[in-house]
Amino acid sequence: MRHLIDTTDLSLEEIDEMISLAMDIIEHKDKYSNICNGKKLATLFFEPSTRTRLSFEAAMYELGGNVLGFSEAGSSSATKGESVEDTIRMVSCYADIIAMRHPLEGAPRVATSKTLVPIINAGDGGHAHPTQTLTDLLTIYREKGTFDNLTVGLCGDLKFGRTVHSLIKAMCRYKNVKFVLISPKELAVPEYIKTDVLDKSGNEYIEVEKMEDVMDSLDILYMTRIQRERFYSEDEYLKHKDAFILDLEKLKTAKNSLTIMHPLPRVNEISTEVDDDPRAKYFVQALNGKYIRMALIITLLKWGGIL
């Protein structure tokens, strides 16, 4: 039985196969509409989610399967003190595959020791969000046709953003990928990501504080929210915040082929005037999340001999 706790659980070949499957699902939806008939996905969300939970549910329904579960810890027996291990062992008696989000880092990994069915990590604290990374990879592939030889700009909260850390880890595995890290110093990429991932992989990267300075070099711009609560003072936040709001003025020097991404939800870091720009792909990215989760469900059920 295989689980997905981190994208590093998958080889490059397995990621490529999953992306190919997602592409086939996009082209031939009817072929997959009953492949999970009689199978059940349990969505165990111990913390709230909108896009991730709904995209998992939509994915399973479009595969012809069924969904059970809960959307917050307050509606589960966790409020009575039930352990994660007991919850997982019990739910795996009722479902064929489990998607689990938990505020504690490592909780999905613990769950794999007690489950009878495959576990998908739908986000565990600040650690990992592998299905978002697969979503990002599918979006990049659909827009660029490759993962190699790209210059990827990551902008906003690069210190606490788990989606940023996961994407860096994933993209470092491909050829000649360059990173442009755009953030205030207070929210720069953590040192361990630089030393253990970027430096170790040999990928080129630079750090800057203004997106305008590097916009013309980017193939991909991955926006994230600048979080007011991460600054020591309101004055420091106000000094930085406008530099990290993407609008049409800042896009004047960007390539026509630029792909603008965002894991969502956004607050004000991308002006709504950008939504109609053909380079804005963040809502397409959200749709891609459904397709890659469909491919993931099929793959894990087949690997587990359940499908």
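As a basis for the values below, the full set of heavy atoms in this structure was taken, side chains included, without hydrogen atoms, waters or symmetry mates.
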Chi angles and distances behind the side chain to side chain contact (heavy atoms under 4.5 Å, CB included) call for Leu181, Leu198: CA-CA 11 Å; Leu181 309 175; Leu198 289 165; 4.2 Å; yes

Is any side-chain N of the basic residue among [X] and [Y] closer than 4.0 Å to the acidic one's carboxylate O?
X: Asp24; Y: Lys31; result: yes
X: Lys255; Y: Asp219; result: yes
X: Arg89; Y: Glu85; result: no

[X] versus [Y], closest heavy-atom pair with distance:
X: Ser113; Y: Val110; value: OG-O, 2.7 Å
X: Leu301; Y: Cys36; value: CD1-SG, 3.8 Å
X: Asn268; Y: Ile245; value: O-CG2, 3.3 Å
X: Asn66; Y: Met60; value: O-CG, 3.5 Å
X: Pro184; Y: Gly156; value: CD-O, 4.1 Å
X: Ile5; Y: Pro108; value: CD1-O, 3.8 Å

Do [X] and [Y] have side chains that get closer than 4.5 Å, going by heavy atoms?
X: Val189; Y: Tyr205; value: no
X: Thr87; Y: Val84; value: no
X: Asn203; Y: Ile168; value: no
X: Thr131; Y: Phe56; value: yes

Tyr282 and Val274: CA distance, side-chain angles, deciding distance, side chain to side chain contact (heavy atoms under 4.5 Å, CB included) verdict: CA-CA 11 Å; Tyr282 29 91; Val274 176; 3.8 Å; yes

Can you hop from [X] to [Y] via hydrophobic side chains spaced under 4.5 Å?
X: Val208; Y: Leu221; value: yes
X: Val284; Y: Leu258; value: no
X: Leu248; Y: Leu246; value: yes
X: Ile119; Y: Tyr94; value: yes
X: Leu104; Y: Leu4; value: no

Got a second to check how far [X]'s [atom1] is from [Y]'s [atom2], nearest 0.5 Å?
X: Glu269; Y: Cys155; atom1: CD; atom2: SG; result: 9.0 Å
X: Leu251; Y: Glu212; atom1: CG; atom2: CD; result: 10.0 Å
X: Leu307; Y: Lys302; atom1: CG; atom2: NZ; result: 6.0 Å
X: Leu134; Y: Leu138; atom1: CG; atom2: CG; result: 9.0 Å
X: Thr52; Y: Arg293; atom1: OG1; atom2: CZ; result: 5.0 Å
X: Ser183; Y: Leu154; atom1: OG; atom2: CG; result: 10.0 Å

Could you give the side-chain donor-acceptor pairs of residues 14-23 under 3.5 Å, partners two or more places apart or in another chain?
from	atom 1	to	atom 2	distance (Å)
Glu14	OE1	Arg2	NH2	3.0
Glu14	OE1	Ser11	N	3.0
Glu14	OE2	Arg2	NH1	3.1
Glu14	OE2	Arg2	NH2	3.4
Ser20	OG	Asp16	O	3.0

Aromatic ring pairing Phe147/Tyr141, orientation class (parallel under 30°, perpendicular over 60°, tilted between): tilted

Ring geometry between His165 and Tyr192 (parallel below 30°, tilted from 30 to 60°, perpendicular above 60°): perpendicular

Sole candidate of Arg142, Glu143, Lys281 that passes side chain to side chain donor-acceptor pair (under 3.5 Å) when paired with Asn288: Arg142

Candidates Thr259, Thr139, Asp136 - the one meeting side chain to side chain donor-acceptor pair (under 3.5 Å) with Tyr222: Asp136

Arg109 side chain to His3 side chain, donor-acceptor N/O pair below 3.5 angstrom: no

Polar contact flag, side-chain donor to acceptor under 3.5 angstrom, Asn176-Asn149: yes

Look only at the side chain of [X] and the backbone of [Y], and say whether a donor-acceptor pair between them is shorter than 3.5 Å.
X: Lys39; Y: Ile306; value: yes
X: Asp216; Y: Thr253; value: no
X: Ser92; Y: Thr115; value: no
X: Gln285; Y: Thr135; value: no
X: Asp148; Y: Lys175; value: yes
X: Lys250; Y: Phe244; value: no
X: Thr224; Y: Asp157; value: yes
X: Thr299; Y: Ala295; value: yes

Residues that Asp96 engages under side-chain hydrogen bond (donor to acceptor under 3.5 Å, both in side chains), provided they are two or more places apart: none

Test: Arg101 cationic atom under 6.0 Å from Phe45 six-membered ring centre, within 45° of axis: no

Test side chain to side chain contact (heavy atoms under 4.5 Å, CB included) applied to Met223 and Met211, Met261, Arg266, the passing residue: Met211

Got a sec: does the [atom1] of [X] have more than 12 other heavy atoms crowding it under 6.0 Å?
X: Lys178; atom1: NZ; answer: no
X: Lys144; atom1: NZ; answer: yes
X: Tyr32; atom1: OH; answer: yes
X: Lys29; atom1: NZ; answer: yes

Verdict with reasoning, Leu187 to Leu158, per side chain to side chain contact (heavy atoms under 4.5 Å, CB included): CA-CA 6 Å; Leu187 297 176; Leu158 309 188; 5.9 Å; no

